[in-house]
Amino acid sequence: MNEALQVYQTYTTIEFFKDETFVDSVKHPTSEKEQFWQELLRTYPDRRPFVEEARQWIEWLQNQPLYIPQQSETEAWGQLWEKIEEKELYQRTYIRPIRRATQWASAAAAVVLVFFAGRELIQLGDQQVETPFGQLSTITLPDETEVVLNGNSKIHYSRNWKSSKPREIWAEGEVSFHVKHVAIQNRVQESDSFRVHVNGLNLTVLGTRFNVKSRRQKTEISLLEGRVKVEKPGVFVRYLKPGESLGYDARTSQLQALDRSPQANAAWVNKELELTGYTMADVVGILEDTYGYTVTVDKPELLSKRLNGTVPAANPDDILFVIEKVFDVKIERQHQHLIIHTP
């Protein structure tokens, strides 16, 4: 048996990806090189999935459009190899001992490992971020845009953003955006834009700060800085200026200006709740949608009462305290069920 082939009989995708001989044969193919790898696959046919996936990784990296990150090339390659080493350490520590125990378990674990390692390495597929009830989460997107998610909210986006296409993200719940401006001075093109898809609407911006809240088929868009194009394809197009807010009801396709200020709508980012203009029904919606409660109000007329002022909102207890004191009501708690009733 060819001793040169024996070296590869236990290689996984990551090991083929790191092998200089293999990389060279993919980047600079010749009939002689190809003959060697075909012989390997005839001798060890179980290596075929790993060979083919490693080949795909190398070809994908070769064909990527030029992207110039703020970090240096050395730092970027360093991070890439750190990820590779992490996956390799995981294989050595967990996967290979499992292989020794049972061949079937080894194959299953290898498939799972290669799948997730490949996604992390080449950044393909969707990235999803979701927050539990009552918790905030701040993330930085690939273009350095900063996003803050309120409780019970989520976003997802493609991790292989291309410089030739607009940046796109899909949102549910309540999300604050501080969009990174990537356009070159004196040149603005479609690929420089940032798009948010929410509740059937397309929001298109450049460098902008805005807040989106979408619950129960109703959406509020509040603009703090920049400009936002609000579009429902084939139905309407509106443009927001700083200080303006829009409300949209998907059930009726109605769009209307809102009196609430963008600063008030985005107060939750600082763990505050601006209640000016809110009704008890609005606050009940926040308790249910953001904090995960179910709420029962014994007198329906309470729902139309309005509140004013700003309260801390680091936890729902602050909001419940205000409701009790302002409306002179009692709030009975049964785990995640709140009963609001007059004494």
Side-chain angles (χ1 to χ4, degrees), residues 131 133-138 145-155 171-179 194 196 198-199 201 203 205 207-230 238-250 254-293 295 297 302-327 340:
T131 52
F133 286 109
Q135 294 187 26
L136 305 187
S137 178
T138 301
T145 288
E146 185 177 274
V147 178
V148 184
L149 288 79
N150 206 348
N152 186 32
S153 301
K154 62 183 176 181
I155 60 172
E172 298 178 34
E174 189 161 20
V175 186
S176 172
F177 293 90
H178 191 175
V179 178
F194 185 102
V196 178
V198 56
N199 195 21
L201 300 178
L203 314 181
V205 304
T208 304
R209 289 181 61 216
F210 66 103
N211 190 81
V212 176
K213 179 180 179 181
S214 187
R215 310 267 195 201
R216 308 184 188 201
Q217 295 188 288
K218 292 185 177 181
T219 301
E220 296 180 9
I221 305 125
S222 302
L223 180 61
L224 285 82
E225 296 177 4
R227 192 183 189 198
V228 173
K229 175 185 177 183
V230 181
R238 289 283 297 274
Y239 291 88
L240 278 181
K241 295 183 294 185
E244 293 182 335
S245 296
L246 279 178
Y248 170 71
D249 191 330
Q254 294 296 311
L255 188 70
Q256 63 178 9
L258 299 177
D259 291 335
R260 298 172 187 164
S261 72
Q263 290 79 8
N265 278 354
W268 62 268
V269 174
N270 298 316
K271 297 184 178 180
E272 295 179 337
L273 186 61
E274 171 57 66
L275 296 175
T276 301
Y278 275 58
T279 63
M280 173 72 86
D282 293 326
V283 177
V284 167
I286 292 172
L287 291 170
E288 292 183 334
D289 296 334
T290 303
Y291 295 97
Y293 289 105
V295 182
V297 180
L302 280 176
L303 294 173
S304 61
K305 298 292 184 180
R306 293 191 174 273
L307 297 88
N308 288 286
T310 303
V311 299
N315 62 72
D317 291 339
D318 299 322
I319 304 173
L320 299 180
F321 176 81
V322 170
I323 293 175
E324 286 185 315
K325 298 304 179 184
V326 171
F327 294 111
I340 302 175

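Only this structure's heavy atoms are used, side chains among them; waters, hydrogens and symmetry mates stay out.
With a 4.5 Å cut-off on side-chain heavy atoms, Asn265 and Gln263 do not count as touching. Considering only heavy atoms from C-beta on, Asn152 stays 4.5 Å or farther from Tyr291 through its side chain. Within the 4.5 Å cutoff, no side-chain heavy atoms of Thr208 are placed close to those of Leu224. For the pair Glu225/Pro242, no side-chain contact is recorded, criterion being any heavy-atom separation below 4.5 Å from C-beta on. Annotation: side chain of Val175 is not in contact with side chain of Asn150 (no heavy-atom distance under 4.5 Å). Looking at heavy atoms from C-beta onward, Val196 lies out of side-chain contact with Val228 at the 4.5 angstrom threshold. The shortest side-chain heavy-atom distance between Lys229 and Leu203 does not fall under the 4.5 Å cut-off. The shortest side-chain heavy-atom distance between Glu288 and Arg216 falls under the 4.5 Å cut-off.
Of the possible polar contacts, one joining the Glu244 side chain to the Lys241 backbone as a donor-acceptor pair under 3.5 Å is found. Judged by distance alone, with hydrogens and angles left aside, the side-chain atoms of Ser245 form no donor-acceptor pair with the main-chain N or O of Leu258 at under 3.5 Å.
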> Passes side chain to side chain contact (heavy atoms under 4.5 Å, CB included), Ile286 versus Tyr278? Steps please.
Replying inline: CA-CA 11 Å; Ile286 292 172; Tyr278 275 58; 3.6 Å; yes
> Between Val269 and Ser176, does a side chain to side chain contact (heavy atoms under 4.5 Å, CB included) hold up when you go through it step by step?
Replying inline: CA-CA 7 Å; Val269 174; Ser176 172; 3.7 Å; yes
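Residue Leu287 comes nearest to Pro316 through the heavy atom pair CD2-CB, 4.3 Å, listed as atom of the first residue, atom of the second, then distance. The shortest non-hydrogen separation linking Ser214 to Thr219 is OG-OG1, 3.0 Å. Here the closest heavy-atom approach between residue Leu240 and residue Leu223 is recorded as O-CD2, 3.1 Å. Heavy atoms only, all atoms of each residue included: Gly151 and Leu136 are closest at N-CD2, 4.3 Å. Across all non-hydrogen atoms, the minimal contact from Ser137 to Thr131 is CB-CG2, 3.2 Å. Closest approach of His178 and Thr145 over heavy atoms only: O-CG2, 3.4 Å.
The existence of a salt bridge linking Lys213 and Glu220 is excluded, since no basic side-chain nitrogen approaches an acidic carboxylate oxygen closer than 4.0 Å.
Distance check, rounded to the nearest 0.5 Å: CG of Leu302 to CD1 of Ile340 gives 8.0 Å. From Leu273, atom CG reaches atom CG of Asp318 across 10.0 Å, with rounding to the nearest 0.5 Å.
Leu255 meets the side-chain contact (heavy atoms from CB on, under 4.5 Å) test with Phe236, Arg238, Leu246, Tyr248; sequence neighbours excluded. Every residue two or more places apart in sequence or in another chain that forms a salt bridge (Lys or Arg N to Asp or Glu O under 4.0 Å) with Asp317 is listed here: Arg333.
Within the cation-pi definition used here (under 6.0 Å to the ring centroid, within 45° of the axis), Arg227 qualifies as a partner of Tyr239.
In the model, Asn211 has no side-chain atom that pairs as donor or acceptor with a side-chain atom of Ser222 under 3.5 Å.
Aromatic ring centroids of Phe177 and Phe210 lie under 6.0 Å apart.
For residues 266-286, the set of pairs meeting the salt bridge (Lys or Arg N to Asp or Glu O under 4.0 Å) definition, not counting sequence neighbours, comprises Arg260-Asp282.
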